[in-house]
There are 2 protein chains.
Amino acid sequence: MADIHPEHTHIIEQTKANMPSEEILEKTAEVFKVFGDKTRIRILAALSEGEMCVCCLCDLLEMSQSAVSHQLSVLKAARLIKSRREGKQMYYSLDDAHIGAILCTGISHVEED
Amino acid sequence: MADIHPEHTHIIEQTKANMPSEEILEKTAEVFKVFGDKTRIRILAALSEGEMCVCCLCDLLEMSQSAVSHQLSVLKAARLIKSRREGKQMYYSLDDAHIGAILCTGISHVEED
DNA sequence: AAAACATATGAATAATTGTTCATATATTCA
DNA sequence: TGAATATATGAACAATTATTCATATGTTTT
């Protein structure tokens, strides 16, 4: 690793002081990691249109029930979605407005280019 | 996979019609995947305070030059950051305002809870 | 209570990925 | 030009992870 030039130490200290805590950054990375999978993004995009049951998601995404359920559990553990039971079926929806906002921002970034 | 109830087919078709294309969703997942790593989030958080050279990032993050450079190249390939050379040093900065916005939204989501 | 239906989950496998080590490239300075 | 400095990069290894298969759990219907 290269030596630090004296005129850089100030910038480094100041940046260090202004950055969010390691804990916040770690958690933020974990949240983005959950967004960072095609299957999960497809699920989130579907749910951003409204709540949906597992079998509908399977049909819509043309994926196995097992694969969808596994990813739903990842999304739920990260609190990106919530669930509600209605008889035999489970309905999933986005957990809060933040989730839709993050998704939209990401999609916009991709679309505008 | 369970059968689809007749009353669900409408919802499925409508959701399918409203969702972004597979290509957009795939690219969006790829973007979030790049955000979904602690080292890269730390780099982005540092750069959101202003441009910085590689050796400063190494010092700030207490990581090897090789590890930092590898992640910088991932960030650059995904166009999240851009670089500029000044003599022997390379200065990196966020590519555009979107990047800072996505980062901030993610951090806010983590902080507000 | 048994059968049918909808969903969840453990284990295994295949694929992806982050770091390290060694080394290459590029720029400046003597 | 040669040495020193700053950064980049290929290969290898370890760790993480998404899907599949088989099966378990929970709910309704007969």
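The sequence lines fix the lettering, A, B, ..., with proteins before strands; numbering per chain opens at 1.
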Student: In this structure, how many angstroms lie between the P atom of C/dT19 and the NZ atom of B/Lys38, rounded?
Tutor: 10 Å
Student: Without hydrogens or angle criteria, can the side chains of A/Ser69 and A/Gln65 be said to hold a donor-acceptor pair below 3.5 Å?
Tutor: yes
Student: Say whether, by atom type as modelled, one donor and one acceptor occur between the side chain of B/Arg42 and the main chain of B/Leu44 under 3.5 angstrom.
Tutor: no
Student: Starting at CE of A/Met52 and ending at P of C/dA6, how long is that distance when rounded to a whole Å?
Tutor: 16 Å
Student: Separation of B/Tyr91 atom OH from D/dA8 atom P, in whole Å?
Tutor: 13 Å
Student: Assign B/Tyr92 to base, sugar-phosphate, or nothing according to its heavy-atom contacts below 4.0 angstrom with the strands shown.
Tutor: sugar-phosphate
Student: Expressed as a whole number of angstroms, how long is the span from A/Leu75:CG to C/dA8:C1'?
Tutor: 15 Å
Student: Send over the distance from B/Met90 CE to D/dT5 C1', rounded to a whole Å.
Tutor: 15 Å
Student: Taking atom C1' of D/dT27 as reference, at what distance in whole Å does atom CZ of A/Arg84 sit?
Tutor: 15 Å
Student: Grab the NZ-P distance between A/Lys76 and C/dT7 for me, whole Å please.
Tutor: 13 Å
Student: As a test of reading the structure: which of D/dA6, D/dT7, C/dA6 is closest to the side chain of B/Lys88, going by heavy atoms?
Tutor: D/dA6
Student: Roughly how far, to the nearest 0.5 Å, is OH of B/Tyr92 from CG of B/Leu57?
Tutor: 9.5 Å
Student: Does the plane of the ring in B/His8 sit parallel, tilted or perpendicular to the ring in A/Tyr91? Use 30° and 60° as the thresholds.
Tutor: perpendicular
Student: Just how far is it from atom CG of A/Asp96 to atom NZ of A/Lys82, taken to the nearest 0.5 Å?
Tutor: 8.0 Å
Student: What is the ring orientation for B/His98 with A/His109, classed by angle as parallel under 30°, tilted 30 to 60°, or perpendicular over 60°?
Tutor: perpendicular
Student: Answer yes or no: is there an ion pair linking B/Lys33 with B/Glu30, defined by an N-O contact shorter than 4.0 Å?
Tutor: yes
Student: Examine the base of C/dA8 for any acceptor or donor lying under 3.5 Å from a partner atom in the side chain of A/Gln65, and report the outcome as yes or no.
Tutor: yes
Student: Polar atoms only, N or O, under 3.5 Å: list the protein pairs with nucleotides 16-21 of chain D and their distances.
Tutor:
| residue | atom | partner | partner atom | Å |
| --- | --- | --- | --- | --- |
| D/dA18 | OP1 | A/Arg40 | NH1 | 3.4 |
| D/dA18 | OP1 | A/Arg40 | NH2 | 3.0 |
| D/dA18 | OP2 | A/Arg40 | NH1 | 3.1 |
| D/dT19 | OP1 | A/Thr39 | OG1 | 2.6 |
| D/dT19 | OP2 | A/Gln71 | NE2 | 3.0 |
| D/dT20 | OP2 | A/Ser64 | OG | 3.4 |
| D/dT20 | O4 | A/His70 | NE2 | 3.3 |
| D/dC21 | N4 | A/Ser66 | OG | 2.6 |

Student: Rounded to whole Å, please give me the gap between CD in A/Gln89 and C1' in C/dC5.
Tutor: 9 Å
